[in-house]
Every structure is written in C-alpha cells, then in structure tokens.
Enquirer: 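Take this structure, written in structure tokens, and hold onto it; I'll ask about it next.
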There are 2 protein chains.
Amino acid sequence: MPDTPPEPLSVDAGNPRPRSATIKDVARLAGLSPITVSRVLNNPAAVRPETIARVREAIAQTGYIPNLLAGSLVSGRSRLVAAIIPRLSNSMLVDFVQGLSDQLEARGYQLLLGLSGYPVEQEEKLLPAILSRRPDGVVLSGTDHSDETRQILQAAGIPIVETWDLTANPVDMVVGLSQEEVGAAMARFLLGKGRRRFGMIWACDKRARKRYDGAMAVLRAQGIELVPTVEVSKFPTMGLGRLGLSELLAGGEAFDAVMCSSDTLAQGVLTEAAARGISVPQQLAVMGFGDFDFSEHTMPPLSTIRVDKRRIGVLAANALLARMDGGQPAQRVIDVGFEIVERGTT
Amino acid sequence: MPDTPPEPLSVDAGNPRPRSATIKDVARLAGLSPITVSRVLNNPAAVRPETIARVREAIAQTGYIPNLLAGSLVSGRSRLVAAIIPRLSNSMLVDFVQGLSDQLEARGYQLLLGLSGYPVEQEEKLLPAILSRRPDGVVLSGTDHSDETRQILQAAGIPIVETWDLTANPVDMVVGLSQEEVGAAMARFLLGKGRRRFGMIWACDKRARKRYDGAMAVLRAQGIELVPTVEVSKFPTMGLGRLGLSELLAGGEAFDAVMCSSDTLAQGVLTEAAARGISVPQQLAVMGFGDFDFSEHTMPPLSTIRVDKRRIGVLAANALLARMDGGQPAQRVIDVGFEIVERGTT
DNA sequence: CTGTTAGCGCCTTCAG
DNA sequence: CTGAAGGCGCTAACAG
C-alpha cells in the first residue's frame, strides 16, 4: 500500500483487481492436474501423502485461496448458514447468535447475518437477497412469519430452524420454549408468594405478548381481573422501566407485585422504587425475564426467568448441521425450557 | 413439507435438492434471452419497460431467485462484506455491528459475520475461510493484527477498514478513536475534580490497555506513581466490578477515585460501594467507559466516556462503500472522537 | 434495446 | 491414486 510505483501512463488508472491465484496456478506449479489440488483440499484421504505435500507447498508459494463461489456453484453446497433476526440490540439475541456462530464455525460453516429490522414483515424483503447466496440452511428468529416467507422458504428446499418460540406447525424445525408457559409460571410463582395486586410493564413485541397472555390467563383463573398494564416500546431500557413504574403508580392503584417483560425493564423498576423509597420485596415484588448478566447484582438481586440463550443457538446449529451433513433429520420440535430464578426481589 | 407424494421405488431415496429455477427458465417463459433477464435484474435502465414487465411476470411465475454465487463468480463482485470481530458479547461491538449492517444493507451489501474469538491471533485462522467467499471488503476490529494477517489482507486487493482504535499505519483504512487519549482525558478530568488517590479496575484487553497507559502517563506527570490496579478478565461483568473494588479496598490503601475500563465494571463498583456504605461521589469518585444504556440510570448516574459506537460501524461501512462502488478513496484515517459525560459519580 | 459467444473457477463423473 | 472432459448459472464484451 505504501508507495505504489508510478504506473506507466494509461487511459484508465482504475486498478482492475490483480487476478489472484487459481487452482490452475497451483496445479501447474506442482506439476499436477487441478483436480488433484482440489482433492487435497476437499478429500485429502484420496491423495498420496507425497502429493499432498507437493500441493501444500505450491499453495503456500502462490498464496492460493480457494474460490468458494466457484466451488459452491458446482458442488451445490455453500457451507453458508443465514440467520435472519430483527436486530442485535435485543440482548437475548446476542448470546444466541454467538452460540450459533461458534457451533457452525466449528463445523466449517459460516454465518451470513441478516438484520431485518422491525416490523417482522421486513424479513420478507431480505429473504430473496439472502437466498440468492444459496445458504445451506436458514435460522429464523421467532415463529411468526408471513405466508409468503414460509412459502419461499419451503421452496428453497433447505433445512430451516425457527427459534425462541414453540409451534406445532414449524416451517421445518423449531428450537425454543413456550412463551405462554413462561408467563404462566411467573404468575403462579408470584401468586404462590401471596401477591395479589399486580401491575405489568411490558414491551409490545409478539413474543412478549405471549408471555403476557400466559400470565393473564393464570391471574384471571384466580379471579384477578384488573391488572394495570403499561406498554412500552419494543426496545426496553432501564429508563422505560423507571417510567413504567411511575405511570403505574400514577394510576392511583396499590400494587404488591410488578411483572416486567424483561430484566432491563425490571432493573429500571428497581431503580425507580429505590428513588421513591419503596422497599423491595417487602412492599413490592419485582420480577423480570431473561436473567441477564447484571440481574444477580442489582439491589436487591433480581428474581427472574432464566433461558439458556446460547444453547438455543447451539441447538439450532445442530439441528441444521444434522440435515446439512446428510444425517437423519433431528427432532422437528425442540423445547429448551426455562427456569425460575428466585433471588431478592420476590 | 406436508405429505410428500410417495415416490416411485427408487434405489436412492435421498432427496436431491429439487433444482430451482434458473435464468434460462425465466428467459424461456418470457420468450427472451437470458441476458435480457439478467439486465432486468442488474441494469433495468437498459431495458424497455414492456420487456421488464414480461420478465417480472416470468420471474414471479417461476419463483426465480438469482444465484449470486454464479453472478459473483463472473462479475467479480460478491456484494458481500465480511466483519471479523472477536465476539459479540463485548457490548461495544453490538451497536457497531448493527450500524455496519444497516448501512451496508441499505446499499445492497450483506454481512458475513466472522466471530474469531480470543486471542486475537485466531483471526488469522478465520481469514482464509472468509476470503474464500470473495468479499468485496473486510472490516476488522482493532488495529493489532499479525503480520501474516496484514499481508494476506493486502494481497486480497480489496478495501479493508480497521476500527475502534487509531493508527498511523493502517492496513488500508481505519475508523476509530485514540484509546490513549481517552485514558488521558479520564485522568485529567478526575484530577481536575481534585482527586488524587486513584485505583484502577481494568480488563486485560489490548485496547483497554492503551487507555490505561494513557491515564497512567497523565497521573505520573502529576507525580502520582502509586496506583493500585486490579486486572480482571477480558469479559467484564458487574460481578467483576464488585470484586474489583473489594480487592482494591483489601489492599489497605485509601482511595478517592476509581477508574474502570468499562461501564459494566463501574456499575459493579457502584453496587459494591453501596453495599459497603461508601458514598459516591463524596467519598469515592467512579468513572467508567462506554456510556452504555444503563449508565444514566445507575444510582447515582454514572460519569463515563461516550463513544458513538453505531457511528463507527456506519463510517466503516461508508469508507468501504466509497471504494467498492468505485468512488474515490475516502480519508484513510477517520477519528470519531469521544466525549466526557459528567453525571453523578464524579 | 436485444442477442451471441465465451468463459469465471471449480468439482462431478467417468476413465484410466 | 490421478486425470480429462464437461458444465454449474451467470454476465462481460461485443454485435446487431
């Protein structure tokens, strides 16, 4: 990059990317045919050790880097897996993607990241662009997809995993947990602690909504009908949690428990409660969802629902891998479950 | 996926992926040549509107999805950008990747995510795999790369952006900020507040190290030589922050300021201080780095250094885009700067 | 504005 | 164990 030698006058000074070494260059240098080089790379077991050495040498000399575009085109396998998720900033998804990527990379696959944004329908726009790279598998976040999306995906004829939720009718496979069950478990848990006057601070997001419905069903079964609820944006922050509690309190009702759709919100509630001198858990129980890194260090430590976020990614990768490597289809529906973590706020 | 019709007895029941529609199928159906279909997709301005309509119709009927592997192979442009970063869980990187992806997608590029893991040398392993997909550009996290890496990258002949740090000698381009300056600014700021007895809680990570050195240089210039330091892992958590303060205190020294390599650690310090009845900022000033979402909501709100994480991604994308779209080379070194955010802990 | 020709770089298939 | 032929699906370059 430093001092490029002055080029001889040329009409077009544009630099046509210097053609990089191809399999032929390597073959010529090694005095072998291209196919032999190819075999060294893809199926070394079928080549004599000496030959391998010769090829390796030639590869090193030429700095050859195989062109997977060409390879994939003819082999029909791209070793690429696409993940389509709305955005990374959803803290649940970060660990998930990390698990996915780790597992995939270990098996020689790579991750094409499609950040579709909200609303979910955006996913439909991204899909053709993604599919045009001929991934060997696709991972989707959530189970709510447009008919169009489902159809295109089916037609692609590759393994698909939906994640985070559960459904009896997956596009292909699904790895997740029952969101309704989570909500129900939260409600039951708090009820068991003797709480009766509930407030909810909830993000308006489809999966969160299911947890909400699950909780409300349990509450209603107990004859608890009036449950003041503050809806906040899809992107929960501590600030929104604080605001949420303020709004709830402004309603004039008395509460003995606040459920939040995420730990981030719950942390905000804790902060606002402290600022107002409301003692947690004595006067108010608080419960979140997610068990984020900070959750055991809030004051008091936050009671929440733990989901193994990374594991969802790992299992999704495995489900794909099983099919892509031609193994038998894994289970179509995998429930990773969840766990109530009782700490100091309940 | 539901009821696949029973195939006539065949030796191999393996399902060879049903060959999907190609540009020829579309061309035939539209009564045109393949190249015309190609033009409708890549350069519609060069095609008569009626013809476009005919082609669009045929595409819809066949469910044709272009094969970019083939297209990229011949055109020499993959419309793919690779980002190589150690791991997502580093909270600074999430917003960064989001910015990168948003900007790239808006311009029709997609993101290949390479999570290299630590140590940084791992990056070298991933590189050939990434490059074999022939990305049009590469984004790297940090500026510390092995010679091998730098060389392979140069040889690839594509635009490269390093990020987060600054260097006079980038592989190609760099978008970041001076880490030493950040450390120096933190030290100066705290000194200006009259603090003199410093403790450091610092992650052992290369960039954090530079901030540390920057801070220490300023401190030493003031004759402050003894600065007890607790080193923690690369992966800062609140728990480590708490532990960090405990260890610092166990040393028996008296402190009036604690600097942390990240807000996460600082939040832990705040928690531990509260638990011990140490009043912040009266007895102890605390300062972090990053200005995370939670930082304005801690108690008291955290003083920190703000970096526009997303913007680094956006500018990195722009730098690449300028070159990939054949425009003029952007500036080679872009300093995004930073900002001291004074809140309640100093 | 549309078509023809020729190959991108590699791997499958079949032959030695 | 190694090689020759052929083509994956598409687009650059050149004609018309």
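Hydrogens, waters and symmetry mates are skipped; everything else that's a heavy atom, side chains included, is used. Proteins come first, then strands; the chains are lettered A, B, ... in the order of their sequence lines, and each starts at number 1.
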Enquirer: Whole-Å distance between dC8(C) C1' and R134(B) CZ?
Expert: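 Distance, rounded to whole Å: 11 Å.
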Enquirer: Take K24(A) and G31(B), find for each the nucleotide of DNA chain C with the closest heavy atom, and name the residue whose nucleotide sits nearer the 5' end.
Expert: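 Looking at the nearest nucleotide for each, G31(B) comes out on the 5' side.
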Enquirer: Considering only side-chain heavy atoms of R48(B), which listed nucleotide, dC1(C), dC10(C), dG9(D), is closest?
Expert: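 Nearest to the side chain of R48(B) among the choices is dC1(C).
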Enquirer: Let me know, please, whether P34(A) or A45(A) comes out on the 5' side of the other along DNA chain D by nearest nucleotide.
Expert: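 Its nucleotide being nearer the 5' end, the pick is A45(A).
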Enquirer: Does N42(B) have a side-chain nitrogen or oxygen under 4.0 Å from the phosphate oxygens OP1 or OP2 of dT11(D)?
Expert: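 True: N42(B) side-chain N/O within range (under 4.0 Å) of dT11(D) OP1/OP2.
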Enquirer: How many Å lie between CD1 on I23(A) and P on dC8(C), as a whole number?
Expert: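 Nearest whole value for this atom pair: 14 Å.
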Enquirer: Within this structure, what is the CD1-to-C1' distance between I65(A) and dG9(C), rounded to whole angstrom?
Expert: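 So the two atoms are 15 Å apart, to the nearest Å.
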Enquirer: Tell me whether the side-chain N/O atoms of T51(A) come closer than 4.0 Å to OP1 or OP2 in dT2(D).
Expert: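 Result: yes.
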Enquirer: Between R28(B) and D25(B), does at least one N-O distance fall below 4.0 Å, as a salt bridge requires?
Expert: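 D25(B) and R28(B): salt-bridged.
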Enquirer: Just so I know, are the side chains of R310(A) and F96(A) near enough to count as touching, which here means a heavy-atom distance under 4.5 Å?
Expert: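 Answer no - side chains too far apart.
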Enquirer: In terms of side-chain geometry, is the basic nitrogen of D172(A) or R323(A) positioned less than 4.0 Å from the acidic oxygen of its partner?
Expert: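 Answer for the salt bridge query: yes.
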Enquirer: Grab the N/O contacts between the protein and nucleotides 12-16 of chain C below 3.5 Å, and write none if there aren't any.
Expert:
none

Enquirer: In whole Å, what is the span from the CG atom of L68(A) to the P atom of dC10(C)?
Expert: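 Rounded to the whole Å, the gap is 10 Å.
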Enquirer: Counting only side-chain heavy atoms from C-beta out, which of dC10(D), dG3(D), dC10(C) sits nearest to N67(B)?
Expert: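 Nucleotide nearest to N67(B)'s side chain: dC10(D).
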Enquirer: Nearest whole Å is fine: how far is dT2(C) C1' from R54(B) CZ?
Expert: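 Taking CZ of R54(B) and C1' of dT2(C), I get 11 Å after rounding.
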Enquirer: Tell me whether E124(A) contacts the main-chain N or O of T149(A) through its side chain, where contact means a donor paired with an acceptor under 3.5 Å.
Expert: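 No, E124(A) side chain to T149(A) backbone: no donor-acceptor pair under 3.5 Å.
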Enquirer: Is there a side-chain polar atom (N or O) of T36(A) under 4.0 Å from OP1 or OP2 of dG3(D)?
Expert: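 For dG3(D), OP1/OP2 do have a side-chain N/O of T36(A) under 4.0 Å.
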Enquirer: Check each of L320(A), L100(A), L80(A), D136(A) against Y109(A) using the side-chain contact (heavy atoms from CB on, under 4.5 Å) test, and report the only one that passes.
Expert: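 With Y109(A) as partner, side-chain contact (heavy atoms from CB on, under 4.5 Å) holds for just one option, D136(A).
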Enquirer: Should D325(B) and R107(B) count as an ion pair when the cut-off is N to O under 4.0 Å?
Expert: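 A salt bridge is present here (some side-chain N lies under 4.0 Å from a carboxylate O).
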Enquirer: Starting the side chain at C-beta, find the nucleotide from dC10(C), dG9(D), dC10(D) nearest to A70(A).
Expert: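 The listed nucleotide nearest to A70(A)'s side chain is dC10(C).
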Enquirer: Would you say R133(B)'s side chain and S78(A)'s backbone share a donor-acceptor pair under 3.5 angstrom?
Expert: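 Side chain of R133(B) to backbone of S78(A): a pair is present.
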Enquirer: When the distance from CZ of R77(B) to C1' of dC8(C) is rounded to whole Å, what number comes out?
Expert: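 So the two atoms are 16 Å apart, to the nearest Å.
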Enquirer: Looking across every strand, which nucleic acid part, if any, lies under 4.0 Å from L32(A) by heavy atom: base, sugar-phosphate, or nothing?
Expert: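 Sugar-phosphate contact only.
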Enquirer: Take the protein atom CG of L69(A) and the nucleotide atom C1' of dG7(C), then report the distance between them rounded to whole Å.
Expert: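 Atom-to-atom, L69(A) to dG7(C), this comes out as 16 Å.
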Enquirer: What is the distance from CG of L73(A) to P of dC10(C), rounded to the nearest Å?
Expert: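 Roughly 12 Å, once rounded to whole Å.
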